[in-house]
J.: 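Pasting a structure below so you can have a look.
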Amino acid sequence: MKLRFRPYTLELKHVFTIANSSRTTTPVVLTEIDYDGILGYGEASMPPYLGESHESATAFLSRVDLSKFENPFELETILEYVDGIAPGNPAAKASVDIALHDLLGKIMNQPWYNIWGYDRKLAPNTSFTIGIDKEDVVRQKTKEAAEFKVLKVKLGRDTDKMMIETIRSVTDKPITADVNQGWKDRSSALEMLHWLKEKGVVMIEQPMPKEQIDNNAWLTERSPIPIFGDEGVQRLPDVKKAHGVYSGINIKLMKSTGMREAHKMLVLARSLGMQVMLGCMTETSCAISAASHLAPMVDFADLDGALLISNDVYDGTKVIDGKITLMERPGIGVKKL
Ligand code: MG
C-alpha cells in the first residue's frame with residue numbers, strides 16, 4: 001500500500017461566521033492509498049480554529065508508512081499504528097482512515113452502508129447552516145435554503161433572538177441551533193432554551209464552554225430540548241464522559257480520526273441511550289460521502305459542508321430535496337470530478 005497526499009484550499013461561497021471567528025477558505029489535504037492499482041480516496045479538512053494546517057497534516061502524513069502492511073483489511077492494526085505516530089492530528093489521521101475504508105469497500109465491491117448493515121434510504125434530511133450575519137443577509141440565506149427541510153443556525157453572540165426571528169419571518173421549518181460554547185451564564189441560557197423551543201428550535205449544540213461540565217449537565221437536566229455536545233466530544237473515550245452531561249453527541253470524522261472510530265462512537269452512544277448527530281467541517285464530497293454512510297443511524301445530520309464550497313473535486317453523496325442521498329457505489333462512493 002502506498003499513501004499519496006496533496007494540500008488543497010477550499011473556497012467558501014460565503015464568508016462563514018460562528019461565535020468567535022470568520023473565514024473565506026478552508027485548508028484540506030487530499031489523500032490516496034494505492035493498492036495494486038486500486039485507489040482509495042481520503043481527505044483531511046482543517047478549519048484553522050482546530051489547530052491543524054497544511055503544514056502539520058503534510059508533516060504527519062510524511063511519517064505514515066503503509067508499505068509495511070500487506071493486508072489492507074487489518075484496519076485495527078493499521079489505524080492503531082497511524083494513531084500512535086503522534087498525538088493529536090485527528091484530521092490528518094482521518095484522511096488515512098477514509099482512504100483505507102474507500103479502498104477496502106472497492107476491493108469488496110460494496111459500499112460501507114452495506115458492510116455496516118445500514119439501509120441507505122434511512123439517511124435523514126440534512127440541515128443547512130446559516131452563519132451569524134446581518135438581518136438582510138440572514139433573510140436572503142434563508143430564502144436561498146428553500147430546498148432544505150431543516151435549518152441550522154449559529155448562535156452565541158448578542159444577536160441570537162434577531163437571528164431566530166429573522167429566519168421565522170421567512171419560514172416555519174424546524175431549526176437546529178449551534179451556540180459553539182458562546183453562552184456564559186446558565187440561568188439566562190435556560191431561559192433562552194425555553195424561548196427557542198417556543199420558536200420551533202428542536203435541538204441545540206454546545207451551549208456553554210466544554211470545560212464547564214457541571215453547567216452543561218445542569219442545562220441538559222432542565223432543558224426542554226435535547227442538548228448535544230460537539231466541542232466537548234472529540235473521540236471514543238469522550239462518549240462515556242459525555243453521558244449525563246449532554247443528551248447526545250455530535251460525531252465528526254475530522255474529530256474522531258475517521259470512519260472506524262466514528263462508528264464505534266455511534267454504537268457506544270446508542271448503547272448508553274444517547275442521541276447521535278452527524279456533523280462535518282467545510283469539506284469536499286470525499287469526506288462528506290465517507291460520513292454519510294453513518295447517516296442512516298443518526299437522529300440529526302448536518303452534512304452540508306460540500307455545498308458551502310465552490311471548488312469541490314469529487315462527486316459523491318448528494319443532497320436531493322433536502323435529504324442525504326447515498327450513491328450505490330463501492331467504498332465511500334465517490335468519483336473524481
Ligand atoms: Mg457544532
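Read the numbers this way: they start at 1 and go in the same order the structure lists the ligands and their atoms.
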J.: With sequence neighbours left out, what residues match Arg4 under salt bridge (Lys or Arg N to Asp or Glu O under 4.0 Å)?
T.: Glu32, Asp34
J.: How many angstroms lie between CG in Leu253 and CG in Asp97, if you round to the nearest 0.5 Å?
T.: 7.5 Å
J.: Does any pair with a residue in residues 178-189 pass salt bridge (Lys or Arg N to Asp or Glu O under 4.0 Å), and if so which ones, sequence neighbours excluded?
T.: Lys152-Asp178, Lys154-Asp178
J.: Only pairs at least two apart or in different chains count here, so list each side-chain hydrogen bond (donor to acceptor under 3.5 Å, both in side chains) that has a residue in residues 162-171.
T.: none
J.: Run the salt-bridge test on Asp119 and Lys121 with the 4.0 Å N-O cut-off and return the result as yes or no.
T.: yes
J.: How many protein N, O or S atoms are found at a distance of less than 2.8 Å from the Mg ion (ligand 1)?
T.: 3
J.: Taking 4.0 angstrom as the limit, do Asp315 and Arg329 come out as a salt bridge?
T.: yes
